[in-house]
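Remember, it's 1-based here, ligands and their atoms both numbered in the order they're listed.
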Amino acid sequence: MSAQAYAGPSKDTQNPELPRLSRSIRPAARAPIRIVHLGLGAFHRSHQAWYTQHAGDSSEWGIASFTGRRPDAAEALSRQEGLYTLVVRADGGDHFEVITSIVEAADGADVGRLAELIAARETAVVTLTVTEAGYGLGPDGRLDSAAPAIAEDLRLLAAGSAAGHAPATPLGRLVRALAARRGSGAGPLAVVCCDNLAHNGTLARQAVLGMAEAFDAGLAAWIQANISFVSTSVDRITPRTTGADLDAVASACGYRDESPVVTEPFRDWVLSGAFPAGRPRWEDSGATFVDDIEPFENRKLWLLNGAHSLLAYAGQVRGHTTVAQALADPRCREAVEAFWDEAEAHLSGADLRIVDYRAALLARFGNARIAHNLAQIAVDGSTKLRLRAVPVLRAERAAGRTGAAAARMIAAWTDFVATSEEITDSLAESIRLSNTLEGRERLETLLGLLDPDLPAEAGIVELVAGLQGSFVDQ
Ligand code: CS2
């Protein structure tokens, strides 16, 4: 997920009289490493690390967690021997808990260490939070081997370790490490995708296999036969940590923690798939294991994440900063409810309890003590809208309706990227280029980034064009 640990002002100067959080001031045994994680960010620490800590057999399951692009979060956590405070922020106050399940925090660029751990027989599970865009998938759900970062890693993998450089994308690194596992004979394991993508296990498998083929066809075949790709739906709102959060931990806990994580009380984890080398008893922590995950994935992806993206673009266009502020604006709230009405028509299953789910979302989004920044959610809009808006738009149109509420989310994005000072998106360059165009031409270019077929669908282009500007006060 995109949230990173706070890397702000010189933390060593904060409350220098307090001891630093460590395993000596908060004694905690180190569980053996049996889980390797890629994507050491705040969400991993509020979610999978929390679930592992609360499993009945947590003493047997330590996590080695690797960062993505930068080493900072691993360095900060290593200074605290992997420990950090999870601040659970409810309406009624904060609850502080030291999480001990991460026993090693490492720089993602250390592919040698990653390979060593994944090749170890004790390692049974690899979890991933590498962001939606991190899978390098094109609109057709297959590896986009023409994307520059992917193309470079494919070249490096094909050249083998003689290339001198290690792969730089998370999946390139994973493939190199899986090759080491094949070499060590340590046998099968499970890769658990924890990013907000529908069929995320299947997509992760496609991306990994696409990369592996470049390495050698034998490795791809070995992965097919030995690696189980587990699909999951993950949920816990985790805003970026601020300097004020560091101070809150220091005064409540009496130690210095330069890497706390703030989250909401709610959490959810639904999983589907096999764990050939075992797994923690995550069900003790409330995780559920199902045969058919799709309804749960879509409920979360469309209702929660879809509403988030809508609020991120519409809300910022209207001058809001946080989710709670945007939701309090009737224009945004009405747009969210309309989008939910469209999305829910395509969700079925008795267990989904959509009415309760929607009510709970309103309460979670409205938690004003969680300052969840819209700018954080707005990142990577092209990939997120492809997953959150386009499927609902298409399903509505297939049912003979317009899909206007889903189209409004897309229109809000096109308005937002027209004026936003900084665009953080894997397709930022193409978005910036589209901004040099005007009117219909610009819109068609942007729609093409979400789905190459959209610009040719005159009805959709017309619909979105008519909705641009809807969140601007006349
Ligand atoms: C958010 C998610 O940033 C985003 O795109 O929609 O990170 C969201 O907060 C989580 O999925 C909640 O579980």
I'd like to know if R299 and D235 make a salt bridge, using a cut-off of under 4.0 Å between side-chain N and carboxylate O. no
At the 4.0 Å heavy-atom cut-off, does K300 count as touching ligand 1? yes
Can we say R89 and D245 salt-bridge, meaning some charged N sits less than 4.0 Å from an Asp/Glu carboxylate O? yes
Taking only Lys NZ, Arg NE, NH1 and NH2, and the carboxylate oxygens of Asp or Glu, determine whether E457 and R397 approach each other closer than 4.0 Å. no
Heavy-atom nearest neighbour of atom 4 (C) of ligand 1 within options K384, H372, R267: K384
Identify which one of H44, R45, Q48 satisfies the side-chain hydrogen bond (donor to acceptor under 3.5 Å, both in side chains) criterion when paired with S65. H44
Please confirm whether R388 comes under 4.0 Å of ligand 1, counting heavy atoms of the residue only. yes
Just jot down the ligand 1 atoms closer than 4.0 angstrom to any heavy atom of D235, in number order. 12 (C), 13 (O)
Test of proximity, R364 against ligand 1: N or O pairs below 3.5 Å: no
Kindly state each residue pair satisfying salt bridge (Lys or Arg N to Asp or Glu O under 4.0 Å) with at least one member in residues 313-325, sequence neighbours excluded. R318-D329, R318-D473
Heteroatom proximity flag, E132 to ligand 1, N/O under 3.5 Å: no
Under 4.0 Å from ligand 1, counting heavy atoms only, is it the side chain of T238, its backbone, both or neither? neither
Which atoms of ligand 1 sit under 4.0 Å from any heavy atom of N196? 11 (O)
Are R79 and E258 within salt-bridge range, i.e. N to O under 4.0 Å? yes
Please check whether H308 reaches ligand 1 - meaning an N/O of the residue sits under 3.5 Å from an N/O of the ligand, judged on distance alone. yes
Report, in ascending order of atom number, the atoms of ligand 1 lying under 4.0 Å from any heavy atom of R236. 12 (C), 13 (O)
Salt bridge check, R358 against D341: does any charged N sit closer than 4.0 Å to a carboxylate O? yes
